[in-house]
Amino acid sequence: MPELPEVETLCRQLHAKIAGETILAQKAYDQKLYEIGDVSKRIVRRVRRRGKTILLDLDNGQSLVIHLRMSGRLFWHASKTKLPHTRWRLNFTSGHADLVDPRRFATVKLEKTDYENAGREVLTRFDERAFLLGQSKRKICVKTLMMDPKAIAGIGNIYACEILYDAGISPWRSSSTITRAEWKKIFHVSRCILEKAIEKRGTSISDWRDLYGHPGENQYELQVYSREGHICARCGDVIQRVKQGGRSTYYCAGCQK
DNA sequence: AGAACCGCCTGCTTGC
DNA sequence: TGCAAGCAGGCGGTTC
């Protein structure tokens, strides 16, 4: 599923492709997306990311707000290609961007919004002080907190597991027991891991592909996610998979205390 | 107020 | 082999 690095990859590719271009038309193939509104003749000023949300800022102050949720993908086609599960299409002179989404969770809205995610973007302008004051003492597991978009934007299951492994912190720890120094480490490790994943153009663990259908390469960097039963490279213990709030958590009990 | 749970969906995996 | 149940999970909304 697309998380921050995957969405960032799409945004960069999309920006390079359509910034300054005029939208010819949009078409929905799924009833859930019939009521988006008229964007024809609008120029895309820029494409940017907030958390896992993609924003296409238009020349009239509105933005197309796209969230891929679980199974959404964006593909660029110059020809008439239409993949199965194509739910929505944005047409340009040079081709079209298709939203392909088997499970139909993805959303597209047309809004007038500045959508700044104030202080919750972990890679840019992250407000550590506000986080430590307002979020860090919540009585939920640290992994659950890291995945809460109201606390930190853009971190999903894969990267939450990888970050906590790298930081050597157990996903079962209550947020309220994490020290200030440990939070600092979590923020630092988060930036390192997410930036590397962006460089690798995302994690193609199941079916993630970029705008042009190419897989990323970050799956080769994973230390714990999807590695149940493998040996921990750091301490030799066995990587475990456990259930946490209905989702799979992968971790090493040997070195995540 | 804050934490836990539910519902949206459908393709893939698992078990009988 | 075939079919049904189970599973996956971001996140907004609802319930506890």
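So that the names make sense, note that chain A is the first sequence line, chain B the second, and so on, each numbered from 1. These values consider heavy atoms only, across backbone and side chains, with no hydrogens, waters or symmetry-generated copies.
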Of the candidates B/dA3, C/dA8, B/dC9, the side chain of A/Ile140 sits closest to B/dA3

Can you tell which of C/dC7, B/dA3, B/dC9 lies closest to the side chain of A/Lys243?
C/dC7

Report yes or no: is the cationic atom of A/Arg227 (NZ for Lys, CZ for Arg) closer than 6.0 Å to the six-membered ring centre of A/Tyr165, at no more than 45° off its axis?
no

What residue among A/His96, A/Gln26, A/His77 forms side-chain hydrogen bond (donor to acceptor under 3.5 Å, both in side chains) with A/Arg89?
A/His96

For the side chain of A/Ser174 and the backbone of A/Lys139, is there at least one donor-acceptor N/O pair under 3.5 Å apart?
no

Between A/Arg49 and A/Gly51 (side chain of the first, backbone of the second, donor and acceptor by atom type, cut-off under 3.5 Å), is there such a pair?
yes

Would you please confirm or rule out a distance under 4.0 Å between OP1 or OP2 of [N] and any side-chain N or O of [X]?
X       : N     : answer
A/Ser71 : B/dC9 : no
A/Lys32 : B/dC9 : yes
A/His85 : B/dC9 : no

Mind checking if A/Tyr159 touches a base, just sugar-phosphate, or nothing, with heavy atoms under 4.0 Å?
nothing

Once you apply a heavy-atom cut-off of 4.0 Å, does A/Thr144 come out as touching a base, just sugar-phosphate, or nothing?
nothing

When the distance from [atom1] of [X] to [atom2] of [N] is rounded to whole Å, what number comes out?
X        : N      : atom1 : atom2 : result
A/Leu83  : B/dG11 : CG    : P     : 14 Å
A/Trp208 : B/dG11 : CH2   : C1'   : 19 Å
A/Arg138 : B/dA3  : CZ    : P     : 5 Å
A/Ile205 : C/dA8  : CD1   : P     : 14 Å

Are A/Arg50 and A/Glu121 within salt-bridge range, i.e. N to O under 4.0 Å?
no

Check ion pair A/Glu128-A/Arg191 (N to O, under 4.0 angstrom):
yes

Intermediate values then yes/no, salt bridge (Lys or Arg N to Asp or Glu O under 4.0 Å), A/Arg48 and A/Asp57
CA-CA 8 Å; A/Arg48 63 193 168 107; A/Asp57 294 334; 2.5 Å; yes

Are the ring centres of A/Phe187 and A/Phe126 closer than 6.0 Å?
yes

Please determine whether residues A/Ile23 and A/Val47 belong to a single hydrophobic cluster, defined as Ile, Leu, Val, Met, Phe, Trp and Tyr linked transitively by side-chain heavy-atom distances below 4.5 Å.
yes

Could you work out how much the helix from B/dG2-C/dC16 to B/dC16-C/dG2 bends, comparing the axis of its first five pairs with that of its last five, to 10°?
60°

Nearest-nucleotide 5' precedence on DNA chain B, A/Pro102 against A/Gly245:
A/Gly245

B/S/- contact track for nucleotides 10-16 of chain C, protein heavy atom under 4.0 Å
BB-----

